[in-house]
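First up is the structure itself, then whatever we jot down about it.
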Amino acid sequence: MEALLRCTRIFTAWYRCPSDSQRDHNVMSQVRVRFAPSPTGFLHIGGVRTALFNWLFARQQQGAFILRIEDTDQSRSTDESIQAILEGMKWVGLDWDEGPYRQTERMDLYRAHAMTLLETGHAYWCVCTAEELEARRKDAEAKGLSPRYDGRCRQRGITHPTETAALRFKAPQDGQIVVDDLIKGTITFDNSAVDDLIILRSNGYPTYNFSVVVDDALMHITHVVRGDDHLTNTPRQIPIFEALGFPVPQFGHLPMILGSDKARLSKRHGATSIMAYKDMGYLPEAMVNYLVRLGWSHGDQELFTRQELIDKFSWKSVQSSAAVFNPDKLLWINAEYIKTSPPSSVAKALVPLLEQAGLKQQVEAVSEEWLAQLVVLVKERAKTLVDMVEWVRPYFGQVAQFEEEAAKKFLTPAIAPVLQKLLTRFEAFPSFSKQVWEESFKKLVEEEGIKMGQLAQPVRVALTGRTASPGLFEVMEVLGRERTLFRLRQGIEHASIG
RNA sequence: GUCCCCAUCGUCUAGCCUGGCCUAGGACAUUGCCCUUUCAAGGCAGUAACACGGGUUCAAAUCCCGUUGGGGACACCA
C-alpha cells in the first residue's frame, strides 16, 4: 500500500503500479494540490505559507504536492526567480512530487483549449486594443462606474481575427456562483459582476485566469488553495472549468499576512524573502513553525514537530482573518529551536555563517564534535545563528581578544595577584575537571575574603575577552586546560600593566 | 465607485459551528520579583481584549441585522 501510494504520486512512475484498476481508484480519490508561484521575484514568506498549507495537506492525505511555475507573463518572469523559488522551497524542506512544471512549456495546451472554447461558442474574438480598453476603463472610473469590459465585441461574431485580436471568454451574465470555500465557508457571487475576461492575449499567450484553469484541470488538482487575493478570481474561473467540461475542484482561500501597520506585507515592512531569513540566522524548522501558526492553531500548542503538523493540520482550524507578521514571536520560536534542536545539526547550519564571518580557517581546524559542544555552550543565549556567531567567536584561536572596556574595568593591577594565585593552583592540576577546578576557585575566593563576582569577572575577561559569557567552568571545559591556562596568563599580564 | 472577505489582550490565538462550564484561557512582547560568578535561560506574579448599535433568548464573545473599521479584487499582471 505504501509503495502504491508513493508510486501514484509520480506521474512518470504510473506504469510501475501493480494493477490498473487499483491505480485508477487511487488517482480518483487521491488528494492533489499545487503551489503555483509566478517567477517575478524572490520567494516571499506569504508564498511559503501558502505552499506550506498545501504541502501539509498533501502529506497528511498521502496525496500529491505539485509545483508549477506560472510564467506566462514573459516580460516579468525570470530564470533567476525560478531558481530562487526552488532554493527557498528546498531550504524550508517543502519537497514536491511533480514538477516544477512551467506554463511556458505548455502553450499548446492552452491554445488548444482556447480554441475548443471558441468552437463551442464559449469564447469570441475581441478587437478592442489595449489602449482603447485602458481609456474606457479610466473613463468609467472617473464616472464612478465599475471599470469592467462592456462586452462590445461579444455580438460582433468575428471569425477572421486581426493580428491584434484577443480571445475573450463569454462569462455567464446572470445567475450566481456559489463557492464552498474550505476556509471561508459559503460565498455567493452575482454573475452580473463578472465581465468577459481575455483568455488569450493578442500575442497568443494565455492569461492567468485561463492557464490556471487548464492546468488545474489537466493536472487533476482536487483542492485549489491559494491566497485570499485570489478569492474574486474564483467566480471567473469556475465557469471556465464548466465550459471546458472539467470537474470543478474545491477551493480554499488563505488569509493574507499583514505588516505591523496592518497593510499587506511588503518590502517596506522589512525582509519578506524567505532566504533573507536564512541569512539572518533563522532555522528552517523555526520558520515553518512560525508561518504555520500564523493563521492556524491547535489549541494552545505553540511548538510542533513537522510530523505533528502533518498529523494535526486541518482546514477547520485555519483562521479566516488576516494576520500580522510578528518578528518578535518568530525570534522566540527560533530561539526555542536553537535550544532544542540537536546541537550537531545547529552546528552544521552555523558553519557557513562562521565562514562568512571570517572564521573559515579556525572552523576547519576544529572537529564537528567540538563545534557541537560549542553550540551547547551558547545555545541558551543565541536567538539566531547570526547571534551565535558572535557568542562563539571568543572560543576560536589561541588568544583572547580583550574588549577594551572590559579589560580596563576588570583586568586591574589590584586583581593581578589573585589571578596569579588562581593560575598557580590550576597549573597544579594535571588535567581539567569542572568540579575540582570550581571547588578550588571557590576556596580561593573564600580565603581572599572577596565576593565571587570580584574574581569571576576578571577571569571571564581573561578567558573570553568579554564581560558576558556562559558559566566560567563550562567555558574552561570548551577551551581545554592548556588554552585556559594560556589565556589566564595572558590576562594576568594585561592586568599587571593596568 | 462596485463586488467579495474579515473583526477576542499591542501581536499570534483558544473559545464561536453545537448559546450557559468565560468574573474570556494560552503564547510573544512588556512590567515586577526569585534564581545567579556575568549575560542569557528558567521559575513566579502583574498589566492588557470580546469594535459599536440593535435584535432573538431565561441566558450571547458565541445566533441574526445594521453601522463602523480594516483588507482584497475589479488588467492583453499573477
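Chain identifiers are assigned alphabetically (A, B, ...) following the order of the sequence lines, protein sequences preceding nucleic acid strands; residue numbering begins at 1 within each chain.
The base of B:rG72 is not paired with the side chain of A:Asp228 by any donor and acceptor separated by under 3.5 Å. Contact annotation: side chain of A:Asn233 to base of B:rA78, donor-acceptor pair present below 3.5 Å. For A:Glu302 against B:rG26, a side-chain-to-base donor-acceptor contact under 3.5 Å is present.
As a whole-Å value, the separation of A:Ile187 CD1 from B:rC4 P is 10 Å. The CD1 atom of A:Ile198 sits 10 Å away from the P atom of B:rA75 (whole-angstrom rounding). Distance, A:Leu258 CG to B:rG71 P: 8 Å, rounded to whole Å. Atoms NZ (A:Lys451) and P (B:rU38) sit 11 Å apart, rounded to a whole Å. Following rounding to the nearest Å, A:Tyr124 (OH) and B:rC76 (P) show an atom-to-atom distance of 11 Å. Rounded to whole angstrom, the span from the CZ atom of A:Phe189 across to the P atom of B:rC5 amounts to 6 Å. Computed from coordinates, the A:Leu419 CG to B:rU37 P distance equals 18 Å when rounded to whole Å. When the P atom of B:rA40 is taken as reference, atom NZ of A:Lys339 falls 13 Å away, rounded to whole Å.
Here the separation of B:rU31 from B:rU13, taken at their P atoms, is 24 Å to the nearest Å. To the nearest whole angstrom, the two C1' atoms, one in B:rA24 and one in B:rA48, are 13 Å apart. Comparing the P positions of B:rG19 and B:rU57 gives an interatomic distance of 15 Å, to the nearest angstrom. For the C1' atoms, the distance linking B:rG70 with B:rC63 amounts to 24 Å, nearest Å. With P as the reference atom, B:rA14 and B:rG26 are 15 Å apart, rounded to whole Å. A distance of about 12 Å separates the P atoms of B:rC5 and B:rC65, rounded to the whole Å. For the C1' atom pair drawn from B:rG15 and B:rG55, the interatomic distance equals 23 Å after rounding to whole Å. Nucleotides B:rG53 and B:rG42 are separated by 41 Å at their P atoms, to the nearest Å.
Across the strands present, B:rU57 finds no partner; the criterion is a Watson-Crick or G-U wobble pair with both atom distances under 3.5 angstrom. Pairing partner, B:rU62: none, since no Watson-Crick or wobble contact has both distances short of 3.5 Å. Using the Watson-Crick or G-U wobble rule with both distances under 3.5 Å, B:rC74 pairs with B:rG1. Across the strands present, B:rU23 finds no partner; the criterion is a Watson-Crick or G-U wobble pair with both atom distances under 3.5 angstrom. Under the Watson-Crick or G-U wobble criterion, with both distances below 3.5 Å, B:rC9 has no partner in any strand shown. Under the Watson-Crick or G-U wobble criterion, with both distances below 3.5 Å, B:rG32 is paired with B:rC44. Both distances falling under 3.5 Å, in either a Watson-Crick or a G-U wobble arrangement, occur for no nucleotide opposite B:rU37. When Watson-Crick and G-U wobble pairs are counted only if both distances are under 3.5 Å, B:rC17 pairs with no nucleotide at all.
Listed nucleotides: B:rA78, B:rC76, B:rC28. Nearest to the side chain of A:Ala166: B:rC76. Which of B:rA73, B:rG71, B:rU38 sits closest to the side chain of A:Met256 comes down to B:rG71. Among the nucleotides B:rA78, B:rC12, B:rU38, the one closest to any side-chain atom of A:Arg460 is B:rU38. Between B:rC17, B:rA78, B:rU37, one nucleotide has an atom nearer to the side chain of A:Gln457 than all others, and that is B:rU37. Of all nucleotides listed (B:rA73, B:rC76, B:rC12), B:rC12 comes nearest to the side chain of A:Ala323. Closest contact between the side chain of A:Ser38 and the listed nucleotides B:rA78, B:rC6, B:rA41 involves B:rA78. Comparing B:rU38, B:rC12, B:rC76 by their closest approach to the side chain of A:Ala468 singles out B:rU38. When distances are taken from the side chain of A:Ser321 to each of B:rC6, B:rA41, B:rC28, the shortest belongs to B:rC6. Nearest to the side chain of A:Thr232, among B:rG72, B:rG26, B:rA75, sits B:rG72. Picking from B:rC12, B:rA14, B:rA78 the nucleotide with the shortest atom distance to the side chain of A:Glu70 gives B:rA78.
At the phosphate of B:rU13, neither OP1 nor OP2 sits under 4.0 Å from any side-chain N or O atom of A:Lys329. For the pair A:Arg381 and B:rG42, the criterion of a side-chain N or O lying under 4.0 Å from OP1 or OP2 is not met. Between A:Arg264 and B:rA73 there is a side-chain polar atom (N or O) within less than 4.0 angstrom of OP1 or OP2.
Under a 3.5 Å cut-off, the side chain of A:Asp150 and the backbone N or O of A:Arg152 do form a donor-acceptor pair. Distance alone, capped at 3.5 Å, places no donor-acceptor pair between the A:Asn233 side chain and the A:Asn209 backbone.
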Derivation and outcome, ring pair (Phe, Tyr, Trp, His ring centres under 6.0 Å), residues A:His223 and A:Phe53: CA-CA 11 Å; A:His223 304 253; A:Phe53 283 126; over 10 Å; no
Under the criterion ring pair (Phe, Tyr, Trp, His ring centres under 6.0 Å), I'd like the reasoning laid out for A:Phe402 against A:His494: C-alpha separation, chi angles, the key distance, then a yes or no. CA-CA 9 Å; A:Phe402 300 131; A:His494 196 287; 5.0 Å; yes
With ring pair (Phe, Tyr, Trp, His ring centres under 6.0 Å) as the criterion, how do A:Tyr290 and A:Tyr282 come out once you've worked through the C-alpha distance, each side chain's angles and the decisive distance to 0.1 Å? CA-CA 11 Å; A:Tyr290 177 71; A:Tyr282 287 84; 9.3 Å; no
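With a 6.0 Å cutoff to the six-membered ring centre and a 45° limit on the axis angle, A:Arg106 counts as a cation-pi contact of A:Tyr101.
Residues A:Leu294 and A:Ala323 approach most closely at CD1-CB, 3.6 Å, considering heavy atoms.
Salt-bridge check for A:Arg264 with A:Asp229: passed, with a basic side-chain N closer than 4.0 Å to an acidic carboxylate O.
Base engagement by A:Asn326 is indicated by at least one non-hydrogen atom pair under 4.0 Å involving a base atom.
A:Arg226 and A:Thr234 are linked by a side-chain donor-acceptor pair at a separation below 3.5 angstrom, with hydrogens and angles left out of the test.
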